[in-house]
Amino acid sequence: MENSYRTISFEEIRKNQEISAYIHAANAVLGAIGYTEHGMPHVCRAAGVAANLLRELGYEERTCELAAIAGYMHDIGNTVNRADHAQSGALMAFRILSRLGMPPQEVAVVVSAIGHHDEETAAAVNEVAAALILADKSDVRRSRVRNESGIMTDIHDRVNYAVERTELQVKQEEKAIVLQMAIDTDICAVMDYFEIFLSRMLLCRKAADFLGHTFELVINQSRML
């Protein structure tokens with residue numbers, strides 16, 4: 001008997017209680033070990049930015065929806081452990097999406113993107129992975145800080161807290177993907193951002209290159225990359 005596959009929408013994924021439970025659990029795990037927010041605000045932002053990025057670049061709508069699904073599910077592996085969470089999350093997503101009836105070709109795209117989003121093992125292996133990298137690594141903002149009292153002792157919290165605004169833009173005429181940021185330099189110096197996030201920005205450059213664009217980082221209206 002042949003397998004019966006069907007189109008799984010982002011809305012169905014968003015309403016799936018099992019996936020929601022893993023997102024909440026993963027965020028709680030990271031909170032317990034002192035990491036910034038990785039819950040619904042982060043994954044919903046990653047989903048929306050990844051999908052909209054591909055949409056602006058002219059990709060098919062289904063590819064954009066797969067990017068949203070990957071963005072929404074990309075951090076569920078933190079439920080297991082922060083270490084190797086991209087690979088753990090990919091395996092969890094494989095199980096869930098296969099059981100829901102997503103076609104194997106689409107499952108492969110989503111789990112490859114999830115499995116390649118963490119800095120230590122990341123790579124833009126397909127357009128969805130490239131979009132997820134850009135969406136995930138550009139999510140630096142004050143509201144991700146859980147403990148404001150620690151901003152002077154923890155550089156990650158301090159840098160996130162200093163970021164007042166971020167926006168990922170596609171400039172078609174220049175063939176560029178631009179991350180615009182506003183940083184309160186009374187809280188942290190711009191170099192503090194580079195101290196902890198340079199590897200992320202270089203990864204974003206590779207992801208943008210995969211999508212046929214250059215990557216630019218603009219902080220306080222000055223181009224840094």
Open item on the list: By the salt bridge (Lys or Arg N to Asp or Glu O under 4.0 Å) test, which pairs, at least two apart or in different chains, include something from residues 194-206?
Closed with: Glu119-Arg200
Contact summary for [X] and [Y], nearest pair of heavy atoms:
X	Y	result
Ile187	Arg158	O-CD, 3.4 Å
Ala46	Ala135	O-CB, 3.5 Å
Asn126	Ser112	ND2-CB, 3.7 Å
Met102	Ile69	CE-CD1, 4.0 Å
Asn78	Ala26	CB-CB, 3.6 Å
Val145	Tyr161	CG2-N, 3.6 Å

Open item on the list: Checking Asn220 now: which residues fulfil side chain to side chain contact (heavy atoms under 4.5 Å, CB included) with it, not counting sequence neighbours?
Closed with: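 Scan of Asn220 (side chain to side chain contact (heavy atoms under 4.5 Å, CB included), adjacent residues dropped) gives Ala182, Ile183, Thr185.
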Report, as yes or no, whether the 6.0 Å neighbourhood of atom [atom1] on [X] holds more than 12 heavy atoms from other residues, nucleotides or ligands.
X	atom1	value
Gln221	CD	no
Glu120	CD	no
Gln17	CD	no
Phe210	CZ	yes
Glu164	CD	yes
Phe194	CZ	yes

Beyond-backbone contact of [X] with [Y], side-chain heavy atoms, under 4.5 angstrom:
X	Y	answer
Ile177	Leu168	yes
Asp157	Thr36	yes
Val29	Asn81	no
Ile8	Glu106	no
Leu202	Leu198	yes
Asp154	Asn147	no
Arg45	Thr166	yes
His85	His117	yes

Give a yes or no answer on whether the side chain of [X] reaches the backbone of [Y] with a donor-acceptor pair at less than 3.5 Å.
X	Y	answer
Lys137	Phe197	no
Gln180	Arg165	no
Ser98	Arg95	no
Asn52	Gly48	yes
Arg144	Glu37	yes
Asn160	His156	yes
Glu65	Phe10	yes
Thr153	Gly150	yes

Distance from [X] atom [atom1] to [Y] atom [atom2], nearest 0.5 Å?
X	Y	atom1	atom2	value
Asp75	Ser88	CG	OG	11.5 Å
Thr214	Lys175	OG1	NZ	9.5 Å
Ser20	Lys15	OG	NZ	11.5 Å
Leu54	Leu211	CG	CG	6.5 Å
Thr79	Asn27	OG1	CG	9.5 Å

Task: Which residues share a ring-ring contact (aromatic ring centres under 6.0 Å, His included) with His42, sequence neighbours left out - done: His38, His74
